[in-house]
Visitor: 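This structure is in structure tokens; I'll ask about it shortly.
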Amino acid sequence: MPLEPDHDLLDKVINLAKRRGFIFPSAEIYGGFRSTYDYGPLGVNMLRNVKQAWWRSMVQLRDDVVGLDAAILGPPAVWAASGHLATFTDPLVDCRRCKERWREDKIDGVCPNCGGTEFTEARAFNLMFKTQAGPVEGEGATAYLRPETAQGMFTNFMSVLTTTRRRPPFGIAQVGKSFRNEITPQNFVFRTREFEQMEMEFFVPPADADSWYRYWIQHRYEWYLDLGIPADRLRRHEHAKEDLSHYSRGTTDIEFLYPWGWDELEGIANRGDYDLTQHANASGVALEYFDQQAGVRYTPYVIEPAAGATRAMMAFLLAAYEEDEVEGESRTVLRLDWRLSPYQVAVLPLSKKAELEGVSREVLAVLQPWFMCDYDVTQSIGRRYRRQDEVGTPYCVTVDFDSLSDRAVTVRDRDTTAQVRVAIDDLVGELRGRMSPQ
Ligand code: GAP
């Protein structure tokens with residue numbers, strides 16, 4: 001049976017995200033700022049974990065990928081060469097009845113606001129944010145906020161090649177903010193004007209491009225599975241030739257089953273030699289690799305897995321959200337992989353009484369160097385377990401009055417709710433055994 005989209009799920013996750021401090025609407029005290037979001041105390045932990053899991057998989061565990069952190073502001077020359085000034089546009093239409101503006105390809109000829117069916121002619125609307133660098137206005141001062149991180153990897157290609165002594169196949173990875181003046185941002189943090197990307201440009205000999213393209217589709221697909229997205233909510237969708245972006249020779253999306261249906265999570269593209277050739281022609285700097293062994297000079301092809309950090313976080317939240325029953329009581333639980341949870345451990349003194357505070361703080365201090373920890377003394381222990389389940393904390397450590405004499409604590413598992421007694425001296429080892437990276 002194919003899985004059906006769950007239409008209530010989005011509201012439940014938005015509500016939880018706001019109520020528990022994952023994601024807040026930005027500038028809310030001023031009535032909010034359209035489709036812009038702030039990541040709260042739990043959200044910032046989780047988003048960092050998503051990016052860290054990506055960096056680990058794409059950079060740390062490989063010897064053929066290096067990192068980069070390039071500037072967000074760029075001169076028009078970069079975006080002219082990349083094709084973004086000319087072609088990074090969406091077709092914009094105005095509803096003739098209510099005057100709302102829409103992306104023509106997203107509305108099926110009917111205004112989502114008033115149901116009107118008459119629109120202005122579509123005009124190409126460039127999605128880049130334009131700004132000014134420096135105090136003097138004028139053409140020479142124009143700058144753009146990057147709409148993708150990718151171009152930083154192309155413009156730094158020679159610098160990275162020479163400073164790291166790499167040879168194709170090798171990749172440059174970057175995580176950072178990108179900005180697009182989306183006509184219709186929507187669906188919570190799925191499509192926003194300010195968002196974070198995790199992109200890697202993998203430079204390969206042209207003859208090997210197709211096999212690397214297939215390799216990266218599989219590798220990226222498995223990353224989501226490994227971090228807990230169920231296989232029946234993920235699929236790969238290869239774009240038809242006529243739907244490809246201006247730079248692409250082949251694109252496959254990894255799609256996720258969102259509450260509104262299947263939609264993009266990440267795109268993997270074979271960009272050919274488009275970008276390096278464009279930048280070489282525009283800048284006059286050769287962007288090539290000289291293969292000394294074979295005695296040939298060539299422009300590498302690029303395979304690009306391009307993911308959204310904020311969009312991936314949203315998918316992980318949606319996939320992890322569950323309502324179940326524990327001892328006859330209903331609970332909400334985020335079954336997040338421990339690598340993504342905002343907190344890995346919560347230290348919970350059974351009571352607020354002063355005599356438990358010393359040992360509880362001692363336990364916290366033992367755990368903090370290893371794990372992101374929460375410390376909570378408010379409300380009943382049952383309520384506190386529920387609060388931790390709801391934000392995906394995989395383990396709770398309860399300190400009780402016996403801890404004072406037996407120097408042991410209770411470790412409770414979020415998913416099974418099973419509890420075991422563990423000596424404080426063995427606690428780090430026990431928890432590291434349960435939460436160790438493969
Ligand atoms: N360098 C290629 C590139 O940027 P893209 O498909 O336009 O390709 C890659 O973007 C990923 O970035 C998307 O799959 C998505 O996860 C994320 N993304 C793109 N636009 C976004 C937006 N407006 N809001 C949130 N995430 C976005």
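Remember, it's a predicted structure, so these values are computed and weren't measured experimentally. First listed ligand is number 1; within each ligand, the first listed atom is number 1.
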Visitor: Using a 4.0 Å heavy-atom threshold (strictly under), name the region of Thr149 that reaches ligand 1: side chain, backbone, both or neither.
Guide: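 Answer for Thr149: neither.
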Visitor: Give the residue, atom name and distance (to 0.1 Å) of the protein heavy atom nearest atom 11 (C) of ligand 1.
Guide: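 So the nearest neighbour among protein heavy atoms is Ala306 O, 3.6 Å.
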Visitor: Checking ring pair (Phe, Tyr, Trp, His ring centres under 6.0 Å) for the pair Phe203/Phe157: CA distance, chi angles, key distance, verdict?
Guide: CA-CA 9 Å; Phe203 300 93; Phe157 172 73; 4.7 Å; yes
Visitor: Which of the numbered atoms in ligand 1 are below 4.0 angstrom from a heavy atom of Arg271?
Guide: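 Ligand 1 atoms under the 4.0 Å threshold to Arg271: 1 (N), 2 (C).
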Visitor: Pick, from Phe88, Phe179, Phe190, the option with the minimum heavy-atom distance to atom 25 (C) of ligand 1.
Guide: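 Nearest heavy atom to atom 25 (C) of ligand 1 lies in Phe190.
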Visitor: For ligand 1, find out whether one of its N or O atoms is nearer than 3.5 Å to an N or O atom of Gly308.
Guide: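 Yes.
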Visitor: If only side-chain N and O atoms count, and only distance matters, is there a donor-acceptor pair under 3.5 Å linking Arg412 with Gln419?
Guide: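 Short answer, no.
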Visitor: Heavy atom under 4.0 Å from ligand 1: found in Arg193's side chain, backbone, both, or neither?
Guide: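 No part of Arg193 is near ligand 1 at this cut-off.
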Visitor: Around atom 10 (O) of ligand 1, find the nearest protein heavy atom and jot down its residue, atom name and distance.
Guide: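 So the nearest neighbour among protein heavy atoms is Gln197 NE2, 3.3 Å.
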Visitor: How close does the nearest protein non-hydrogen atom get to atom 1 (N) of ligand 1, and which residue and atom is it?
Guide: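 Result: Glu199 OE2, 2.4 Å.
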Visitor: Where is the tightest heavy-atom contact between Val50 and Ala312, given as atom of each residue plus distance?
Guide: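 Here Val50 and Ala312 meet closest at CG1-CB, 4.2 Å.
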Visitor: What are the two closest non-hydrogen atoms of Lys51 and Ala309, and how far apart are they?
Guide: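 Minimum heavy-atom contact is CG-CB, 3.9 Å.
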Visitor: Less than 3.5 Å apart, any donor N or O on the side chain of Ser248 or Ser245 sitting next to an acceptor on the other?
Guide: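 No, because no side-chain N or O of Ser248 sits under 3.5 Å from a partner of the opposite role on Ser245.
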Visitor: Nearest protein heavy atom to atom 18 (N) of ligand 1, by residue and atom, and its distance?
Guide: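 It is Phe195 CE1, 3.5 Å.
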Visitor: State yes or no: are the ring centers of Phe188 and Phe190 separated by less than 6.0 Å?
Guide: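 When the ring centroids of Phe188 and Phe190 are compared, they turn out to be at least 6.0 Å apart.
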Visitor: Could you see which bit of Met198 sits under 4.0 Å from ligand 1, with heavy atoms only: side chain, backbone, both or neither?
Guide: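 It is neither part, as no heavy atom is under 4.0 Å.
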Visitor: Can you find an N or O of Glu201 that's nearer than 3.5 Å to an N or O of ligand 1?
Guide: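 It does not: no N or O of Glu201 is found under 3.5 Å from an N or O of ligand 1.
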Visitor: Can you report which non-hydrogen protein atom sits closest to atom 14 (O) of ligand 1, along with the distance?
Guide: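 Nearest neighbour among protein heavy atoms for atom 14 (O) of ligand 1, to 0.1 Å: Glu264 OE2, 2.5 Å.
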Visitor: Would you say Ala150 and ligand 1 have an N/O pair spaced under 3.5 Å apart?
Guide: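 No - when backbone and side-chain N and O of Ala150 are compared with those of ligand 1, no distance drops under 3.5 Å.
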Visitor: Could you tell me if Glu266 and Tyr224 have a donor-acceptor pair between their side chains, going purely by distance under 3.5 Å?
Guide: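 The criterion, which ignores hydrogens and geometry beyond distance, is satisfied for Glu266 and Tyr224.
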Visitor: Flag the pair Phe256 / Trp262 as yes when their ring centroid distance falls below 6.0 Å, and as no otherwise.
Guide: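 Aromatic pair excluded; centres sit 6.0 Å or further apart.
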Visitor: Does an N or O from Thr192, backbone or side chain, lie closer than 3.5 Å to an N or O of ligand 1?
Guide: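 In this structure, Thr192 places an N or O atom under 3.5 Å from an N or O of ligand 1.
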Visitor: Counting heavy atoms only, name the option from Glu194, Arg191, Met314, Arg180 that's nearest to atom 20 (N) of ligand 1.
Guide: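 Nearest option to atom 20 (N) of ligand 1, by heavy atoms: Arg180.
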Visitor: Between Thr398 and Tyr385, do the side chains contain an N or O donor and an N or O acceptor separated by less than 3.5 Å?
Guide: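 Yes, side-chain donor-acceptor contact under 3.5 Å.
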